[in-house]
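What follows is a single structure, written as structure tokens, with notes after it.
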2 protein chains.
Amino acid sequence: MSHTLGIRQAQKLKTRQALLDAALRLLEHQSLSSLGLREVTRAVGVAPTAFYRHFDGTAALGVALVEQTLGSLHGMIGAILAETGDSEERLDRSVGLISRHVTAQPAHFRFIAREQHGGVGAVREAIAAQLRLFAEEVAAALAAEPESAGWDAEDLLMLGGLYVDHMVLTASALLDAGPDGEQEVVRVARRRLRLVTVGRAHWLDAP
Amino acid sequence: MSHTLGIRQAQKLKTRQALLDAALRLLEHQSLSSLGLREVTRAVGVAPTAFYRHFDGTAALGVALVEQTLGSLHGMIGAILAETGDSEERLDRSVGLISRHVTAQPAHFRFIAREQHGGVGAVREAIAAQLRLFAEEVAAALAAEPESAGWDAEDLLMLGGLYVDHMVLTASALLDAGPDGEQEVVRVARRRLRLVTVGRAHWLDAP
DNA sequence: ATACTCGGAGAACGGTTGTTTACTGAATGG
DNA sequence: CCATTCAGTAAACAACCGTTCTCCGAGTAT
């Protein structure tokens with residue numbers, strides 16, 4: 001089944017990945033719409049024309065970058081929410097997990113936050129699609145909890161989307177704050193999350 | 001006191017405003033970091049060098065655009081929150097107001113949403129400063145309400161920030177959805193806001 | 001061993017960019 | 001009325017851009 005890649009195909013994947021890595025590094029201080037094709041190839045050390053062997057243009061590279069960045073995160077949220085503990089514990093764990101991920105791979109999150117509303121339509125749509133998927137996953141995980149008794153699917157999806165948006169917002173705030181302000185951001189993020197959780201607990205009280 | 005502007009200074013302000021307007025129009029389909037200085041002057045019909053009479057570069061233009069766009073919105077939120085009616089009514093009014101503003105001036109909100117996490121640092125900071133100011137205004141308005149009895153300043157600011165972020169998120173969602181999906185976005189935005197309001201009502205129940 | 005595939009190199013293309021320098025002419029103020 | 005200020009112009013600069021075309025040489029399959 002695992003057909004060992006030919007040394008040719010392997011090299012191609014290698015330079016392709018090099019292009020993606022270089023682009024991600026360059027995108028730390030600028031946005032995709034201003035990223036030059038030549039800029040990327042120069043950073044990698046290949047001819048500008050080699051770029052076209054892998055992507056149609058910087059927009060296509062951006063889409064690939066989205067899938068690589070967000071694709072590897074699926075299931076992570078579900079795993080967190082599936083763990084045991086009271087709501088306060090899980091809340092802290094969630095925020096802590098985000099904080100650690102952002103610290104470990106700042107460039108990835110910066111890219112997503114930046115291009116979520118950026119100037120390249122295809123990339124925006126790719127991110128939106130992934131985040132919608134996340135929201136559905138969170139909704140599914142929430143549905144399995146006893147606290148969700150009596151909730152309809154639409155409200156669960158609303159809550160899932162709220163959590164996802166909060167996650168992205170927190171990641172972005174962490175990046176803006178830097179290492180010094182991290183503690184403060186985490187504090188506020190926790191508190192916001194707690195407010196939402198309180199709202200969730202009393203959601204069915206109102207008409 | 002109101003020293004009538006000389007016809008010279010008036011002309012300068014006029015072309016300056018023309019530059020800002022043209023830039024805002026161009027920024028509907030791209031982001032600031034890819035906006036060319038010449039592109040703007042070409043749209044206005046002036047020489048590229050005239051640009052420097054008004055701004056140091058496109059970044060400075062962006063900052064001016066932020067202040068013009070968000071500066072005119074101060075007090076609006078406070079006015080809404082100060083109106084009477086039960087929380088459900090005010091909630092609907094708030095979302096409706098955002099929806100109407102976004103429909104009336106899409107380019108302004110698109111610009112803010114796009115550059116909030118965009119590639120130009122100075123613009124990011126300008127937006128962040130304005131939004132922080134908004135959050136403080138909302139917090140001050142909330143503090144005057146009877147529902148806020150027992151709340152400390154920090155929690156009020158947290159809640160104000162939550163409302164502001166929700167507002168920006170809603171505006172962005174409206175822009176992404178277009179006229180067709182507007183109703184759906186408004187529905188979800190209202191529901192999210194209601195959840196936060198429920199959480200607010202029971203915030204002091206928990207330790 | 002031979003023919004083929006194909007990732008990458010190289011050169012050249014027209015076009016655009018930001019910025020500098022020197023200049024014009026109308027509004028301004030004494 | 002006359003000297004000065006100054007918003008906007010015109011030309012030129014070197015640097016960079018995306019894209020096309022042609023070619024090479026190592027990997028591949030027969």
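All chains are named by letter (A, B, ...) in the order of the sequence lines, taking the proteins before the strands, and each is independently numbered beginning at 1.
- Between the side chains of Ser99(B) and Glu182(B), at least one donor N or O lies within less than 3.5 Å of an accepting N or O.
- Look at CG on Leu5(B): it is 15 Å from P on dC6(D), rounded to the nearest Å.
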Provide a list of protein-nucleic acid N or O atom pairs under 3.5 angstrom, restricted to nucleotides 10-15 of chain C.
none

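- Across the protein-nucleic acid pair, Asp56(B) atom CG and dT20(C) atom P stand 10 Å apart, rounded to whole Å.
- Relative to the side chain of Lys12(B), the nucleotides dA7(D), dT9(D), dA9(C) differ in distance, and dA7(D) lies closest.
- Remark: the Gln116(A) side chain and the Gln116(B) side chain contain no N/O donor-acceptor pair separated by less than 3.5 Å.
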Show, in sequence, the C-alpha distance, side-chain angles and deciding distance for Val196(B) and Leu159(B), and conclude whether the side-chain contact (heavy atoms from CB on, under 4.5 Å) test is met. CA-CA 9 Å; Val196(B) 171; Leu159(B) 186 59; 3.9 Å; yes
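- Of the residues listed (Met76(B), His74(B), Met167(B)), the one engaging Phe134(B) in a side-chain contact (heavy atoms from CB on, under 4.5 Å) is His74(B), and it is the only one.
- The CZ-P distance, from Phe51(A) to dG8(C), rounds to 12 Å in whole Å.
- In this structure, Arg38(B) contributes its side chain and Pro48(B) its backbone to no donor-acceptor pair below 3.5 Å.
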Strand DNA chain C in bracket notation, Watson-Crick/G-U under 3.5 Å with | for pairs to another chain: ||||||||||||.||||.||||||||||||
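- Considering only residues two or more places apart in sequence or on other chains, Arg8(B) meets the side chain to side chain contact (heavy atoms under 4.5 Å, CB included) condition with none of them.
- Here the closest heavy-atom approach between residue Ser148(A) and residue Leu156(A) is recorded as OG-CD2, 3.9 Å.
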Protein-nucleotides 23-27 of chain D N/O pairs under 3.5 Å:
residue	atom	partner	partner atom	Å
dG27(D)	N3	Arg8(A)	NH1	3.2

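- Regarding Tyr52(B), its OH atom lies at a distance of 5 Å from the C1' atom of dT19(C), rounded to whole Å.
- In terms of the ring pair (Phe, Tyr, Trp, His ring centres under 6.0 Å) criterion, residue partners of Phe55(B) (sequence neighbours excluded) are, by chain and number, Phe51(B).
- Rounded to a whole Å, the CD atom of Gln11(A) is 15 Å from the C1' atom of dT28(D).
- Rounding to whole angstrom units, CG of residue Leu35(B) and P of dT17(C) are separated by 10 Å.
- For the residue pair Gln68(A)/His108(A), the side-chain donor-acceptor check at 3.5 Å is not satisfied.
- Remark: Ser72(B) pairs with no residue by the side chain to side chain contact (heavy atoms under 4.5 Å, CB included) rule, at least two apart or across chains.
- The main-chain N or O of Gly118(A) is found under 3.5 Å from a side-chain atom of Arg124(A) such that the two form a donor-acceptor pair.
- Residue Arg16(B) is out of contact with every strand shown, counting any heavy-atom pair closer than 4.0 Å.
- Atom CD of Gln30(B) is separated from atom P of dT17(C) by 10 Å (rounded to the nearest Å).
- We find that CD of Glu39(A) is positioned 17 Å from P of dT17(C), with the value rounded to whole Å.
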